[in-house]
Amino acid sequence: MSTAEMFSLKGKVAFISGASSGIGLHLAGVLAEAGAAVALAARRRDKLDTAVAELSRDGHKACAVQLDVADAASVAPAFDAAEKALGAGVDVLVNNAGVVYLKRFVDQDPAEVAQLFATNLQGAFLVGQEAARRMARRGSGAIINVASVAGLRAAGFLSSYGASKAALLSLSQVMALELAAKGVRVNAICPGNIETDMHGAFSGMEEALLKRIPQRRFGKPEDLDGAILLLASDAGRYITGATLTVDGGQSLSWM
Ligand SMILES: NC(=O)c1ccc[n+]([C@@H]2O[C@H](COP(=O)([O-])OP(=O)(O)OC[C@H]3O[C@@H](n4cnc5c(N)ncnc54)[C@H](OP(=O)(O)O)[C@@H]3O)[C@@H](O)[C@H]2O)c1
């Protein structure tokens, strides 16, 4: 198998949650470029439709799927819709939908914390479970859970967010353990500060944050391309249960 073939996703179907903006939107394009037919899932249908129109114009097979990961009832229908539109089962899941909430621990609001866990943890759980069941039935698949460096290291103001991502890392490992024999690989990526809409939550903190990043720059969604292609494709065929940090070195140092 040539190097190009190893990283190719030709003939595969990829499902990307949280694909209406930022990292998910970008990665949908990357997976499509690698040959996959892509299902873009999120709540904002207008954004998904625009993205799908652009991908289709570029000759890719793509569809938009309405999904609120916090609404358990919307998960299976979203996979059904994706598989119907793209004509085959999902081979790759990028479990990416997420929200951030910055506040001191003592000031965090229970309703906002509940919404964050319902999205970042329970949502990822439900979407991962639906994908895993379908993949296990077919005997193959790759799941990539999008966690965060905040799940690896303590970060002020991010108690609920960090806890949700740490739990997602734990979940990834158990998923990997249980699904390996079914031909399904499960890995997690931990991005550092990536410039997206979500990163706007850190407005005013840029200088302090940059001092903590050895590469002295924020990441861009493109900085995740290599990690996602490795974990989604045959190039990563013996990688499961791994956590791949993509953060310019941010999580290495405590000072
Ligand atoms: N940017 C960073 O610095 C960074 C660092 C580490 C990890 N991450 C993680 O990367 C992932 C993507 O974040 P991003 O930076 O690309 O942020 P973003 O631009 O705000 O995108 C978040 C995506 O999640 C979707 N989403 C949120 N709640 C949802 C729900 N209930 N159901 C379905 N989709 C939902 C949003 O779509 P709708 O609003 O249309 O539903 C949107 O497409 C998140 O899991 C985030 O925690 C980001």
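Quick note: residue numbers are just sequence positions, from 1. Indexing begins at 1, ligand by ligand and atom by atom, following the structure's order.
In this structure, the protein non-hydrogen atom closest to atom 34 (N) of ligand 1 is Ala97 CB, 3.5 Å. Looking from atom 44 (C) of ligand 1 to the surrounding protein, the closest heavy atom is Asn96 O, 3.2 Å. Nearest to atom 7 (C) of ligand 1 among the protein's heavy atoms is Ala147 O, 3.1 Å. Of the protein's non-hydrogen atoms, Ser21 OG, 3.2 Å is the one closest to atom 21 (O) of ligand 1. In terms of protein heavy-atom proximity, atom 4 (C) of ligand 1 is closest to Gly192 O, 3.8 Å. Of the protein's non-hydrogen atoms, Arg43 NH2, 3.0 Å is the one closest to atom 39 (O) of ligand 1. In terms of protein heavy-atom proximity, atom 47 (O) of ligand 1 is nearest to Tyr161 OH, 2.6 Å.
Only the side chain of Thr196 comes within 4.0 Å of ligand 1, judged by heavy-atom distances. Within the 4.0 Å heavy-atom criterion, the part of Thr119 lying near ligand 1 is the side chain and not the backbone. Looking at Ala19 against ligand 1, only its backbone comes within 4.0 Å, counting heavy atoms.
A salt bridge is absent between Lys84 and Asp80; no separation between the charged side-chain nitrogens and carboxylate oxygens falls under 4.0 Å. One finds a salt bridge joining Arg217 and Asp223 here, because a Lys/Arg side-chain nitrogen approaches an Asp/Glu carboxylate oxygen to under 4.0 Å. A salt bridge does not link Lys12 with Asp234: none of the charged nitrogens is closer than 4.0 Å to a carboxylate oxygen. Looking at Arg134 and Glu83, a side-chain N of the basic residue comes within less than 4.0 Å of a carboxylate O on the acidic one, giving a salt bridge.
The shortest heavy-atom distance from Ala118 to ligand 1 is not under 4.0 Å.
Under the side-chain contact (heavy atoms from CB on, under 4.5 Å) criterion, Ala131 pairs with Phe79, Leu93, Met135, Ile143, sequence neighbours left out. With sequence neighbours left out, Phe7 forms a ring-ring contact (aromatic ring centres under 6.0 Å, His included) with no residue at all.
The NZ atom of Lys220 sits 10.0 Å away from atom NE2 of His199, with the distance rounded to the nearest 0.5 Å.
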